[in-house]
Undergrad: 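One structure, as structure tokens, below. Some questions next.
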Amino acid sequence: FSTFPGMPKWRKNHLTYRIVNYTQDLPRAAVDSAIKKALKVWEGVTPLTFTRMLEGEADIMISFAVREHGDFYPFDGPGNRLAHAYPPGPEFYGDVHFDDDEKWTEDASGTNLFLVAAHELGHSLGLFHSTDTKALMYPLYNSFTDLTRFRLSQDDVDGIQFLYGPPPPSPAEPEVPAESSPLESGTLVKCDPALSFDAVSTLRGEILFFKNRYFWRKLHWKPQPELNLISTFWPSLPSDLDAAYEVISKDAVFIFKGRKFWEVRGNDVQAGYPRSIHTLGFPATIRKIDAAVSDKEKKKTYFFTEDKYWRFDEKSQSMEKGFPRFIADDFPGVDGKVDAVLQAFGFFYFFSGSTQFEFDPNARKVTHVLKSNSWLMC
Amino acid sequence: YPLNGAVKEENPNMDFAQKYLKNYYNLAKDVNQVYRRKDNGPVVKKIQEMQKFLGLEVTGKLDSNTLEVIRKPRCGVPDVGQ
């Protein structure tokens, strides 16, 4: 599963919806029923509830339209694009639009309204598309779905509960502490003083702080960092990364996990990856790296493994002789295993657990010791 | 016209595929089929990305299977974040 960029979600559990207009393909009652049934699909696995409004501005406005319909995402006649929806938020966000050039039906003889509505409402709640071909949130319409036994896939349930957690225990069930979603359950509180990072990298002027399957994205024009799933932008990358660094001259970010590494440019994972880290010149004894950073001035990339580091020459594309060297010898004061390294403002920032060492390469000394999450406005 | 290769005859499948990749996979709007470069790098990469996302064999080519899938009805929301 994945969520929209910035991970928008409703900040309340009781949402409203309104069916603004109707298709001529079906009786109104059939449309009402299909929408209600589609909402129940999500209600059943979350704390969310949906109340219908007959007028005014509801959170989720549902309408039928053809071709250009005022949102710069025109429909395209019969087939191809069936519908679209917007992620949670004010005004047109959260809304669902159905292409009325489709033949909307209650069964599978045409385009089943319930099935498409359940998918689009997944978007209205904050889910992006899934690569799981069995998931409701898979982008292609599956006309062979057995409508009589429709069920969300585990991927759909994992996705929506990642955002909203599971439904509250019903009165009959024993009171168990409702496990909230990872966002609330503390596993991902950005100002947790114990927070550490898996990897940190710049990317086209932004700074990315990777943790588990997520990353915080620090945009210089936005004080608050944005939390995203790695899969939202790079569906093929793994989670729990080891290291990441940007080579600005190549407009590329290199991502490491275990013996493999990937090159990404913006959204695009470059062809021919993953490659083995040993192609960079590491001996076979090295099974992973802990951290990496590329010095754009010197055109050297530093790789950190346990208590040593290596230096890679970006011009000759080769590991330099005389390495590895002890980190303590050349970066005095940087203690402990290095989780991640960032170069900014002429300093190197070494992240080790919840501690961050600001290192001045000219003075060759640690100038500040900070909390790792100081970059996240904590 | 690019010196290193004549503009190939129009390929309706490629047109449809490029439109699909622009709509759903962030293929840059300026990748214009008229200036089709020999290696067609960005489009091939995007075809591979789309094939991987949709669970197809990653060939980087508009094989029949891929063409069949991109003509299937779908949701209008993109598959990859901007």
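Residue numbers start from 1 in every chain, and the chains themselves are labelled A, B, ... in the order their sequence lines are given, proteins ahead of strands. Just so it is clear, the values below take in all heavy atoms, side chains as well, and ignore hydrogens, waters and symmetry mates.
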Undergrad: Give me the atom names and distance for the closest heavy-atom approach of B/Val77 to A/Ala85.
TA: CG2-O, 3.4 Å
Undergrad: Please lay out, stage by stage, how A/Val269 and B/Glu49 fare under the test side-chain contact (heavy atoms from CB on, under 4.5 Å).
TA: CA-CA 8 Å; A/Val269 177; B/Glu49 183 181 345; over 6 Å; no
Undergrad: Of all residues at least two apart in sequence or in a different chain, which pass the ring pair (Phe, Tyr, Trp, His ring centres under 6.0 Å) check with A/Tyr17?
TA: none
Undergrad: Counting only heavy atoms closer than 4.5 Å, note whether B/Val58 contacts chain A via side chain, backbone, both or neither.
TA: neither
Undergrad: Between atom NZ of B/Lys45 and atom CG of A/Asn267, what is the distance when rounded to the nearest 0.5 Å?
TA: 13.5 Å
Undergrad: Just wondering, do A/Arg81 and B/Asn23 contact through their side chains at under 4.5 Å, heavy atoms?
TA: yes
Undergrad: So A/Tyr138 and B/Leu54, side-chain contact (heavy atoms from CB on, under 4.5 Å) or not? Walk me through it.
TA: CA-CA 8 Å; A/Tyr138 183 69; B/Leu54 296 178; 3.6 Å; yes
Undergrad: Going through the checks in order, is the side-chain contact (heavy atoms from CB on, under 4.5 Å) test met by A/His129 and B/Phe53?
TA: CA-CA 9 Å; A/His129 281 144; B/Phe53 192 100; 3.9 Å; yes
Undergrad: Apply side-chain contact (heavy atoms from CB on, under 4.5 Å) to A/Asn80 and B/Phe16, showing your working.
TA: CA-CA 11 Å; A/Asn80 295 324; B/Phe16 184 84; 3.8 Å; yes
Undergrad: At a 4.5 Å cut-off on heavy atoms, which part of B/Tyr25 comes close to chain A: side chain, backbone, both, or neither?
TA: neither
Undergrad: Please tell me if the side chains of A/His84 and B/Arg74 come closer than 4.5 Å, counting only heavy atoms from C-beta onward.
TA: no
Undergrad: Just wondering, do B/Cys75 and A/His123 contact through their side chains at under 4.5 Å, heavy atoms?
TA: yes
Undergrad: Please give me the minimum heavy-atom distance between B/Gly81 and A/Pro5, naming the atom from each residue.
TA: CA-CG, 3.6 Å
Undergrad: With side chains defined as the heavy atoms from C-beta onward, is the minimum distance between A/Phe233 and B/Val80 less than 4.5 Å?
TA: no
